[in-house]
Amino acid sequence: MKQHSLFVLSSLIVGARSASLPLRYCHGTSFSCDSDVDCPSSKCTYPFEWTADSIPNQGYNRQVKVFIMMGQSNNVGYGEVGPKETEGTLLNAISNGKYPHLVGSINQETGNVESWSVRNDVRIVYNDNDSERGNVNLKVGWDNHPKRRGYIGPEIQFGHMMGHAYDHPVLIIKVGTGGRSLGWDFLPPDSSRYVAEDRSGGLWSYAGHGECPERSVLNATLATENDCNSCQGNNFNCPVYWASEEECSRCHNSFYAGWQFDEDAKNVKQILSRIDQYVPGYRRQGFDIEGFVFVQGWNDSTNNAQSSKYRENIKRYIEAIDVEYKEYSGSKKFVIATIGHNGYGGFNSRQEEVFEAQTSVDGSRESTFEGKVKVVDSRPFWVDKELSPADSFTHYNNNANSYIRMGEAIGEAMIELLPDRVQTLETPSTSPSISFMPSTSPLPSGSPSDSFNPTTKKPSLGPTIVESCHDSPLRMKVFIENEGKEKIKSCLWAGRVVDKIAERCNLPGVSTHCPISCGTTCKNVDSKARFKVQKPDGTMINRYCSFIAKNPSLRCTFEGVSDTCRETCQ
């Protein structure tokens, strides 16, 4: 596939604006279609409807559809916007022809983005506990804090999808901040005090909802008035504990277990109580809370006690959200984005515990949440630091593609849950939002956003892939000739950069390991690459499919192997 020049891209954008028609994506590349030579018509599909600044607000006499986004720092978002020269930034992706639906205009001489497209049907406001920001139409750079204009979060693509799914005004409310755990900050009401081990095996007493400090000694006693201020600055080995929010505020500090849960609810309800200040032209037509998004998990995965209680806490959290917002109408669906740090490179035991707990509440696994909750596997959104703006493990290496793809997957999951959306998604066979084991191949980084067909009014990710196999989710060893050494790579790497796909897929073993990314056939074909696989006892080993073939009844059950050694394990 030939990479389009910036001049062509900017011309297409200007042309589409003037003609009030959407650009078309070439499926699998995120490039705009130019000709049948560059992109066969069978792969050409439409993106979201354009909403340029000049388009007047539509449908503001209809009920407002409200979505509430909660969580910690990856909900806030750390995908870097620039600079253009740095791989993994949004501007770099756009300079390579990706995400034209986010661009308002491009300077045809320099190729620089001059303005961002604005969704006049989607409003966004953010309360970070200290202040309220935004209250503007959704666009890149909507957050008016000087330190936040250079970042994007999952709300960008999620907001585009919600705006497209509804013929109503949409309000996205973001709340919270980074460094928050479900086992302490978000601890839901009715969570009781409990005892658990720390990493060294010691037993401690942990706070229930409304109590403080976070952790006390095993035989801690209920504090008396004489204990007031006795544990200032001591949140982890206090000999007493306080059992009410008022006592915590007066005698310890302003925080208690579940403080962020309560603060989020307070801030959301304040916004909803004066919704006319956030939705231009609001005429008391009412609003519905259609969905909640929870992007969280990292902090709990660093704490033995909190990871061990995550399964119990996440279920209670969803139930508590329902109770907290019972006075409001709407579908109130729930989408969770799992932790995905390190991609398919493997989790430690605490991370695995949190990940498994998160996926356990999906409606397909937890009958009480059927049709209510969907869980998005975030591992496919990981991009290694070598192809990202920063070495920031907790924030997906600040890669903008990661946050766009996360927002898109959350949006897909939410749309599948919603009963009265105007438009629907055709479920793509490679969607990471509908699988919790690495048995499906994610779209390559920079894959097209959901596309728009003006005839059917249904967004989709393009043609359905009918191959009966997937890219291997396991990382492989690849010899990089110009560096003279082997490196561990994933199939995301193979298909990530459009003009390097052919080069990478021609390396030994890559095309059989990553048939979807490389565009080759894979039915009943074993990978010829050496790959990293985890044994049931947690040991990581490097093996070929010939090793699997010696004991397929056992080894084909190892995670990811059946999608790697396809012939052996069929």
**Message:** Let's go through Ser105 and Ser115 carefully: what are the C-alpha distance in whole Å and the side-chain angles of both, what is the deciding distance for side chain to side chain contact (heavy atoms under 4.5 Å, CB included) to 0.1 Å, and is it a yes or a no?
**Reply:** CA-CA 5 Å; Ser105 61; Ser115 67; 2.9 Å; yes
**Asked** Stepwise, does the side chain to side chain contact (heavy atoms under 4.5 Å, CB included) test hold for Ile336 with Tyr317?
**Response** CA-CA 11 Å; Ile336 295 169; Tyr317 180 81; over 6 Å; no
**Asked** Taking it one step at a time, do Met406 and Ile410 satisfy side chain to side chain contact (heavy atoms under 4.5 Å, CB included)?
**Response** CA-CA 6 Å; Met406 182 184 295; Ile410 293 169; 3.9 Å; yes
**Request:** Would you sort out whether Ile404 and Leu90 count as a side chain to side chain contact (heavy atoms under 4.5 Å, CB included), showing the intermediate values?
**Result:** CA-CA 9 Å; Ile404 288 178; Leu90 181 61; 3.6 Å; yes
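The main-chain N or O of His101 is found under 3.5 Å from a side-chain atom of Ser117 such that the two form a donor-acceptor pair. When atom types are taken as modelled, the side chain of Asp384 and the backbone of Leu387 share no donor-acceptor pair closer than 3.5 angstrom. Not one N or O on the side chain of Thr86 forms a donor-acceptor pair closer than 3.5 Å with the backbone of Pro389. Proximity of a side-chain donor or acceptor of Arg566 to a complementary backbone N or O of Val525 within less than 3.5 Å is detected. With Ser402 contributing its side chain and Phe381 its backbone, the two residues share a donor-acceptor pair below 3.5 Å.
Residues Ser562 and Cys569 share a closest heavy-atom pair of CA-CB, 4.0 Å. Closest approach of Gly82 and Leu91 over heavy atoms only: CA-CD1, 3.9 Å. The two residues Val510 and Ala494 come nearest to each other via the heavy atoms CG1-CB, 4.0 Å. Closest of all the heavy-atom pairs between Trp116 and Val140 is CD1-O, 3.3 Å. Residues Pro100 and Gly97 share a closest heavy-atom pair of CD-O, 3.9 Å. Annotation for Cys556 and Ile548: closest pair SG-CG2, 3.7 Å, computed over non-hydrogen atoms.
Ile480 meets the side-chain contact (heavy atoms from CB on, under 4.5 Å) test with Val478, Asn482, Glu483, Lys487, Trp493, Leu507; sequence neighbours excluded. Qualifying side-chain hydrogen bond (donor to acceptor under 3.5 Å, both in side chains) partners for Lys333, counting only residues two or more places apart in sequence or in other chains: none. With sequence neighbours excluded, the residues forming a side-chain hydrogen bond (donor to acceptor under 3.5 Å, both in side chains) with Arg530 are Glu486, listed by chain and number. For Pro508, the side-chain contact (heavy atoms from CB on, under 4.5 Å) test picks out no residue, with sequence neighbours left out. Residues that satisfy the ring pair (Phe, Tyr, Trp, His ring centres under 6.0 Å) test with Phe531, not counting sequence neighbours, are absent from this structure. By the side-chain contact (heavy atoms from CB on, under 4.5 Å) test, Asn313 pairs with Leu182, Leu187, Ser191, Lys309, Arg316, sequence neighbours left out. Contacts of Ser307 classified as side-chain hydrogen bond (donor to acceptor under 3.5 Å, both in side chains), with partners at least two apart in sequence or in another chain: Glu353. When the ring pair (Phe, Tyr, Trp, His ring centres under 6.0 Å) test is applied to Phe347, the partners found at least two apart in sequence or on another chain are Phe355. Scored by the side-chain hydrogen bond (donor to acceptor under 3.5 Å, both in side chains) test, Glu386 finds no partners at all (sequence neighbours excluded).
One distance of note links NE2 of His513 with SG of Cys505; it measures 11.5 Å at 0.5 Å rounding. For the atom pair Ile124 CD1 and Lys174 NZ, the distance stands at 6.0 Å (nearest 0.5 Å). Here CG of Leu418 is found 5.5 Å from OG of Ser331. Values are rounded to the nearest 0.5 Å.
Test Asn92, Asn112, Asn96 against Lys84 for side chain to side chain donor-acceptor pair (under 3.5 Å) and you get one pass: Asn112.
When the shell of 6.0 Å around CD of Glu370 is examined, it contains 12 or fewer heavy atoms from other residues, nucleotides or ligands. Enclosure of atom NZ in Lys372 by more than 12 non-hydrogen atoms of other residues, nucleotides or ligands within 6.0 angstrom is indicated. Sparse packing is recorded around NZ of Lys139, with 12 or fewer heavy atoms of other residues, nucleotides or ligands lying under 6.0 Å away.
Side-chain contact between Met69 and Pro154: present, with at least one pair of heavy atoms (C-beta onward) separated by less than 4.5 Å. The shortest side-chain heavy-atom distance between Arg555 and Phe547 falls under the 4.5 Å cut-off. Asn397 is not listed as a side-chain neighbour of Val383, based on a closest heavy-atom distance of 4.5 Å or more. For the pair Val361 and Ile318, the minimum side-chain heavy-atom distance is below 4.5 Å. Glu567 has its side chain within reach of Gln570: a pair of non-hydrogen atoms, C-beta onward, lies under 4.5 Å apart. Side-chain contact between Glu356 and Thr359: present, with at least one pair of heavy atoms (C-beta onward) separated by less than 4.5 Å. Side-chain contact between Leu102 and Ile156 is present, with at least one heavy-atom pair separated by less than 4.5 Å. Between Gln351 and Asn348, the closest side-chain pair of non-hydrogen atoms falls below 4.5 Å.
Using bins of under 30°, 30° to 60° and over 60° for the plane-to-plane angle, the ring pair Tyr166/Phe67 lands in the tilted bin.
Side-chain contact, Thr89 with Glu80: no donor N or O sits under 3.5 Å from an acceptor N or O. Using modelled atom types and a 3.5 Å distance limit, the side chains of Asp526 and Thr568 yield a donor-acceptor pair. Side-chain contact annotation: Arg379 with Thr338, donor-acceptor N/O pair under 3.5 Å absent. Counting only N and O atoms by type, the side chains of Glu155 and His160 include no donor and acceptor under 3.5 Å apart. Counted by atom type alone, Tyr151 and Asn398 present zero donor-acceptor pairs between their side chains at under 3.5 Å.
Sorted by first and then second residue, the disulfide bond (SG atoms under 2.5 Å apart) pairs involving residues 370-412 (not counting sequence neighbours) form an empty list. Residues in residues 531-545 take part in no salt bridge (Lys or Arg N to Asp or Glu O under 4.0 Å) pair, two or more places apart or across chains.
Between Cys491 and Cys514 the SG-SG gap is short of 2.5 angstrom.
Lys385 and Asp391 are joined by a salt bridge, as a carboxylate oxygen and a charged side-chain nitrogen come within less than 4.0 angstrom of each other.
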Under 3.5 Å, which donor-acceptor pairs link side chains of residues 70-79 to any protein atom two or more places apart or in another chain?
residue	atom	partner	partner atom	Å
Gln72	OE1	Gln296	NE2	3.1
Gln72	OE1	Gly297	N	3.2
Gln72	OE1	Trp298	N	3.4
Gln72	OE1	Asn299	N	3.4
Gln72	NE2	Asn299	OD1	2.9
Ser73	OG	His395	NE2	2.9
Asn74	OD1	Tyr403	OH	2.5
Asn74	ND2	Thr394	O	3.0

